[in-house]
Amino acid sequence: MNNVHICGFSYMFPHSTGFSTAGAVVTDDDISRYLDDRKTASNEQISREFFCTAEKLSAAGLPSHRTGVSFGTSDGCFSSLSTAAEGIAVKGVKGMKPKDASNCTMSGAAAKTAIALGIKGFSLTNCDGMNGGLDAVIFACDMLRSGSADYALAGGGDEGKAYGAVMLSTDDKSEGCTISPVSCGLVFGSDTAAQIKHLVSCAVDNCGTNIEGAVIVSEDHYAEIRTALSEQISAPDISEFSVPDNTTSASGIMAIEYTVSLASEKGSILLVQCGKEGYFSAVMIKK
């Protein structure tokens, strides 16, 4: 089974995010250049913002047929849906323009970014709430390990909020940390502690290696996850990734970069995220 390497990060930040990164950052000049392109300037906001983020990682060029795109979001193309709904409310079906229909496409952010970058591999969009970005990485890893592509741009974000993207590769010459999906699930109902304990147990069992630490990025179940990890990992070194302001689906990408910095020093780190929507995701990051 192919190893998936983490090759780099890029971000688009609202001015008040305050996240420190070693990755590439979208500038005002990048945005202006994109908006000057008549072919893409009319795309919905979420597609424009994700494209600007993903483009920062593709400047060196990628083999079009061996590269895919995976994107996760919480709110999707909300502004375009609102515009279309308002027009329909006033004028009926005549109130929705053809452009509105295209801009309300569920998979638009990944698909339009792939088109603009000339990428011809897989194109995936998921709506997994706060876990959108991390789950986009998991889906991309699964596609890469199956041999569907050699490279992937995986990211997450929401309109007007932070966007993050990570370049993944199965190239054996890559020197970055490797990442492996180990567990996904859904927490719901009243017996959440037992569910989380089971999901954490599955994640630990699926790691296939010694776990030298863990990172939790969570909204509602931090204490339950920490307790479960403490019971499952010997001498656990557990830390919390505090999600920056104005960040939703990009939080998982940011947490991966944070975890990479730990893995570079300590070895194998398990990253666990559980959002308010109940999505549970876990990946292993190794030096």
Side-chain angles (χ1 to χ4, degrees), residues 4 9-12 26 34 39-40 42-58 62 64-85 99-146 148-149 151-168 179 181 184 186 247-256 273 275-281 283:
V4 177
F9 296 88
S10 64
Y11 299 96
M12 175 185 280
V26 175
Y34 178 89
K39 294 181 180 179
T40 54
S42 62
N43 285 344
E44 67 273 28
Q45 181 179 348
I46 193 169
S47 292
R48 297 196 305 266
E49 292 173 340
F50 178 55
F51 169 79
C52 288
T53 310
E55 186 190 34
K56 301 293 286 190
L57 286 175
S58 62
L62 295 168
S64 62
H65 287 87
R66 300 301 301 164
T67 303
V69 178
S70 180
F71 178 72
T73 179
S74 177
D75 300 327
C77 48
F78 181 78
S79 61
S80 296
L81 288 167
S82 297
T83 298
K99 182 186 74 172
D100 295 333
S102 172
N103 286 349
C104 291
T105 302
M106 183 68 185
S107 58
K112 293 181 180 181
T113 294
I115 291 170
L117 293 176
I119 291 173
K120 299 178 181 179
F122 61 85
S123 175
L124 308 170
T125 297
N126 66 282
C127 291
D128 288 0
M130 193 79 166
N131 287 42
L134 186 57
D135 282 354
V137 171
I138 290 175
F139 297 149
C141 286
D142 287 341
M143 297 295 286
L144 291 176
R145 294 169 77 185
S146 72
S148 298
Y151 300 89
L153 286 165
D158 290 285
E159 295 176 342
K161 305 289 182 65
Y163 284 73
V166 57
M167 175 67 76
L168 305 172
I179 181 168
C184 285
L186 187 63
T247 304
T248 51
S249 301
S251 60
I253 308 296
M254 296 177 176
I256 290 174
Q273 182 170 19
K276 63 183 179 181
E277 301 86 359
Y279 292 105
F280 178 96
S281 312
V283 298

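Keep in mind that what you see is a predicted model, and the values were worked out from it rather than measured.
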Q. By side chain to side chain contact (heavy atoms under 4.5 Å, CB included), which residues pair with A149, not counting sequence neighbours?
A.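 A149 satisfies side chain to side chain contact (heavy atoms under 4.5 Å, CB included) with F122, L144 once adjacent residues are dropped.
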
Q: Report the residues that fulfil side chain to side chain contact (heavy atoms under 4.5 Å, CB included) with I115, sequence neighbours left out, ordered by chain and then residue number.
A: none

(Q) Among E277, K161, K276, E159, exactly one meets side chain to side chain contact (heavy atoms under 4.5 Å, CB included) together with S74. Which residue is that? (A)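 Only one option passes, and that is E277.
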
Can you tell me how far apart [atom1] ([X]) and [atom2] ([Y]) are? Round to the nearest 0.5 Å.
X: Y279; Y: N126; atom1: OH; atom2: CG; answer: 8.5 Å
X: I179; Y: R145; atom1: CD1; atom2: CZ; answer: 10.0 Å
X: S281; Y: D128; atom1: OG; atom2: CG; answer: 7.0 Å
X: I119; Y: L153; atom1: CD1; atom2: CG; answer: 5.0 Å
X: R66; Y: Y151; atom1: CZ; atom2: OH; answer: 10.0 Å

Donor-acceptor pair, distance only, cut-off 3.5 Å: does the side chain of [X] make one with the backbone of [Y]?
X: N131; Y: G275; value: yes
X: T113; Y: A110; value: no
X: E55; Y: L117; value: no

Who are the side chain to side chain donor-acceptor pair (under 3.5 Å) partners of [X], not counting sequence neighbours?
X: E49; answer: Q45, Y163
X: S249; answer: D158
X: S47; answer: E44
X: S70; answer: none

Least distance between heavy atoms, [X] atom then [Y] atom:
X: M12; Y: V26; value: CE-CG1, 3.6 Å
X: R48; Y: N43; value: NH1-O, 2.5 Å
X: G133; Y: I253; value: O-CD1, 3.6 Å
X: T73; Y: G157; value: OG1-O, 3.2 Å
X: A154; Y: A136; value: CB-O, 4.0 Å
X: G252; Y: Q273; value: CA-OE1, 3.7 Å

Q: Please tell me if the side chains of M143 and L124 come closer than 4.5 Å, counting only heavy atoms from C-beta onward.
A: yes

**Q.** Qualifying residues under ring pair (Phe, Tyr, Trp, His ring centres under 6.0 Å), relative to F50, sequence neighbours excluded
**A.**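 Residues passing ring pair (Phe, Tyr, Trp, His ring centres under 6.0 Å) with F50: F71.
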
Q | Residues which pass ring pair (Phe, Tyr, Trp, His ring centres under 6.0 Å) with Y11, listed by chain and number, not counting sequence neighbours | A |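 So Y11 forms a ring pair (Phe, Tyr, Trp, His ring centres under 6.0 Å) with F13, F19.
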
Q: Test L134 against I256 for side-chain contact (heavy atoms from CB on, under 4.5 Å), laying out the working first.
A: CA-CA 8 Å; L134 186 57; I256 290 174; 3.8 Å; yes

